[in-house]
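Report on the following structure.
Start at 1 and go down the list; that is how both ligands and their atoms are numbered. Note that the numbering runs from 1 along the sequence shown for the chain. Computation of the quantities below employed the complete heavy-atom set of this structure, encompassing side-chain atoms and omitting hydrogens, waters and symmetry-equivalent molecules.
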Amino acid sequence: MKLSTPLLWGFLTGLPLVLAGANCNSLAQRLRVELSPHLSGENLISATAPPRWSDFEAPDPGAVVNVATESDVVATVKYCAERNIPFLAQNGGNGWATTFHLDKTGVIINLAGLNEVTFNADKTQATIGGGSNVSNTIDHAYAAGALVVTGNCNCVGTLGALLGGGYGNLVGKYSLGVDNILSLRVVTADGLLRNVTATSDPDLFWALRGAGPNFGIVTSVTVKSYPASEEEMQAWTGSLVYGEHQLEDVVQAIQDLVLTPDMVIFLYLLADPTTGSPAVIAAPFFYGGNATTGKAAYSSLYAIGPVADSTSVKPYNRWNEGSDGLCTRGSFKPGWAAGFQDMVPATWRGIWDAYVAFQKLPGAANSGVLLEAYPLGKARSVASGSSAFPNRNVNLNAFAIPWYNDSSLDAQAAEFGNTARDLLRSTSGLSRPQTYVNFGYGDEDLDVIYGSSLARLRDIKKKYDPNNVFNQWFNIL
Ligand SMILES: Cc1cc2nc3c(=O)[nH]c(=O)nc-3n(C[C@H](O)[C@H](O)[C@H](O)COP(=O)(O)OP(=O)(O)OC[C@H]3O[C@@H](n4cnc5c(N)ncnc54)[C@H](O)[C@@H]3O)c2cc1C
Ligand SMILES: *[C@@H]1O[C@H](CO)[C@@H](O)[C@H](O)[C@H]1NC(C)=O
Ligand SMILES: *[C@@H]1O[C@H](CO)[C@@H](O)[C@H](O)[C@H]1NC(C)=O
Ligand SMILES: *[C@@H]1O[C@H](CO)[C@@H](O)[C@H](O)[C@H]1NC(C)=O
Ligand SMILES: *[C@@H]1O[C@H](CO)[C@@H](O)[C@H](O)[C@H]1NC(C)=O
């Protein structure tokens, strides 16, 4: 219906349809006239943004500003805020939540141009651009000879993951991403570019670390980094594939596994890459491990008898390659997630049944369920109220991703996702539902997402964003 007005108008007046088409781009045209003169370059405005990870209820902008400098971000935020034009920063574009609402009348601020990654002289600090993805950050860190806490998928925005908490392979050694932040350069709702530290703006520093997208656009962040030799940048990782009948044993083994700070384990319900049939896939990670120490650390998983084993020792810049397939852009990929405390075999059998029922539908073969288990001792040595990240008590996170390309499957996708989430919650061992903001579907109550931090976040929101211009990501109201 939205399109019909200009089309009908074009038809009635006999104007060529190309004019009606131009009308659809009017926001981009307007920005070229009004905003471009305030930007660092002449051709920074386009009509479409880089493809997103999921097309399901994806933000649909009327114009895109491809910022090249921090000042471009300042100019764009001021321009949009003053005119009540909705806007959204796009980084890796992996955010799958249904909370975006641009509806052709809003602006995407594409941060991809802000991808600089630099290190201080002794490599104890890294400064990461607001638009650097995980592979770009790791490539620079590997070349510099330092480790940085990032997410585990190459296509994810480094800061997109970090600002919500930041789980990754090095969490056991160095704690969550947010715990490594030293300062952030942030454009706030008033159009100021601030250098935010624990002492300069303690409230904002607290809020950005867990609920960042509600408070500003981070143009760069300075985090702790950890100098490491080539030898110290190796890990043993890969995947162990099991048959369906081994599901309960694998779930129990993960439940019983004691993760040292060097270990991480993922569990995927996913099509076996070689056969295409639904499979149970464990993905162990062991920092500094080799085939001997890795197999010993995960001996209980080996005892079950995997049908395939692709583990090997890999350098830092290849640790994430096992998940590159999950980075494929496009198609519908809504995600239903929950945090929980224990791996319960009966729960996972129920999730399996929901997964295989959906996965066999036409075009849905790539669908999956993903569980992440990190060693959390280090993260729990950091005070739980020290940042807005509210989930230090949560042991495990999992999410179901129906992956399909025909909207006639929407209802079945939702049934699969809700069934998986309900099952996880039913045996969560938590006193109330808790979901990591970066894994949320978008329909959760705000206290499920922000938990005990919500009241203070609301106060800080009133102070720094009184007109609620940063309103696209699990909006704090
Ligand atoms: C394949 C895959 C793998 C994942 N792996 C991990 C993982 O290992 N660890 C983990 O913690 N999470 C992981 N996630 C979840 C991930 O953290 C979220 O999807 C996150 O929202 C993605 O950030 P993005 O920048 O890629 O997405 P976007 O959609 O670009 O951004 C998500 C939200 O963050 C905001 N944002 C992004 N950058 C900035 C910035 N510089 N300043 C202010 N706001 C910003 C955006 O405006 C948007 O509201 C994964 C997700 C996927 C799809
Ligand atoms: C990451 O960003 C770099 C540029 O900074 C780009 O060349 C690369 O294709 C991106 N990789 C992924 C996996 O998105
Ligand atoms: C931000 O402030 C901190 C503390 O004052 C300082 O060390 C750092 O250099 C500043 N960063 C930038 C980019 O201005
Ligand atoms: C694996 O690592 C252990 C401990 O660091 C070491 O003793 C052993 O020699 C290594 N084995 C191989 C095959 O490299
Ligand atoms: C949808 O998925 C099916 C099966 O995977 C594939 O053959 C088809 O090309 C896909 N269509 C689109 C538009 O991506």
Please tell me whether Tyr436 and Asn438 have a donor and an acceptor in their side chains that are separated by less than 3.5 angstrom.
yes
May I ask you to list the atoms of ligand 3 that are less than 4.0 angstrom from any heavy atom of Asn195?
1 (C), 2 (O), 3 (C), 8 (C), 10 (C), 11 (N), 12 (C), 14 (O)
Look at ligand 2 and say whether Cys327 reaches it with a heavy atom at a distance under 4.0 Å.
no
I need the atoms of ligand 2 closer than 4.0 Å to a non-hydrogen atom of Asn136, numbered in the order shown.
5 (O)
So, are Asp203 and Arg456 salt-bridged, with charged N and O less than 4.0 Å apart?
yes
Within a distance under 4.0 Å of any heavy atom of Arg185, pick out the atoms of ligand 3 and give their elements.
12 (C), 13 (C), 14 (O)
For ligand 2, which atoms, with element, lie under 4.0 Å from some heavy atom of Ser135?
1 (C), 11 (N)
Counting only nitrogen or oxygen atoms and a 3.5 angstrom limit, does Asn133 reach ligand 2?
yes
Under the ring pair (Phe, Tyr, Trp, His ring centres under 6.0 Å) test, residues paired with Trp53 that sit two or more places apart:
Trp96
Check ligand 4 against the protein and report each N/O to N/O distance under 3.5 Å, formatted as atom name, atom name, distance.
from	atom 1	to	atom 2	distance (Å)
ligand 4	2 (O)	Asn290	ND2	2.3
ligand 4	11 (N)	Asn290	ND2	2.9
ligand 4	14 (O)	Asn290	ND2	3.3

Establish, for the pair Arg458 and Tyr450, whether the NZ or CZ atom is under 6.0 angstrom from the six-membered ring centre and no further than 45 degrees off its axis.
no
Salt bridge check, Arg392 against Asp179: does any charged N sit closer than 4.0 Å to a carboxylate O?
yes
With sequence neighbours excluded, what pairs up with Phe474 under the ring pair (Phe, Tyr, Trp, His ring centres under 6.0 Å) test?
none
With nothing but distance in play, are any N or O atoms of Thr197 less than 3.5 Å from an N or O of ligand 3?
no
Distance to the ring centre below 6.0 angstrom and angle to the axis at most 45 degrees; does that hold for Lys461 and Phe215?
yes
Which of the numbered atoms in ligand 2 are below 4.0 angstrom from a heavy atom of Asn115?
4 (C), 5 (O)
Sorted by chain and number, sequence neighbours left out, side-chain contact (heavy atoms from CB on, under 4.5 Å) with Thr328 holds for Trp403
One thing to verify: whether Glu444 and Arg421 come together as a salt bridge, which I'm taking to mean a side-chain N less than 4.0 angstrom from a carboxylate O.
yes
Validate the cation-pi geometry between Arg209 and Phe205: distance from NZ or CZ to the six-membered ring centre under 6.0 Å, angle to the ring axis within 45°.
yes
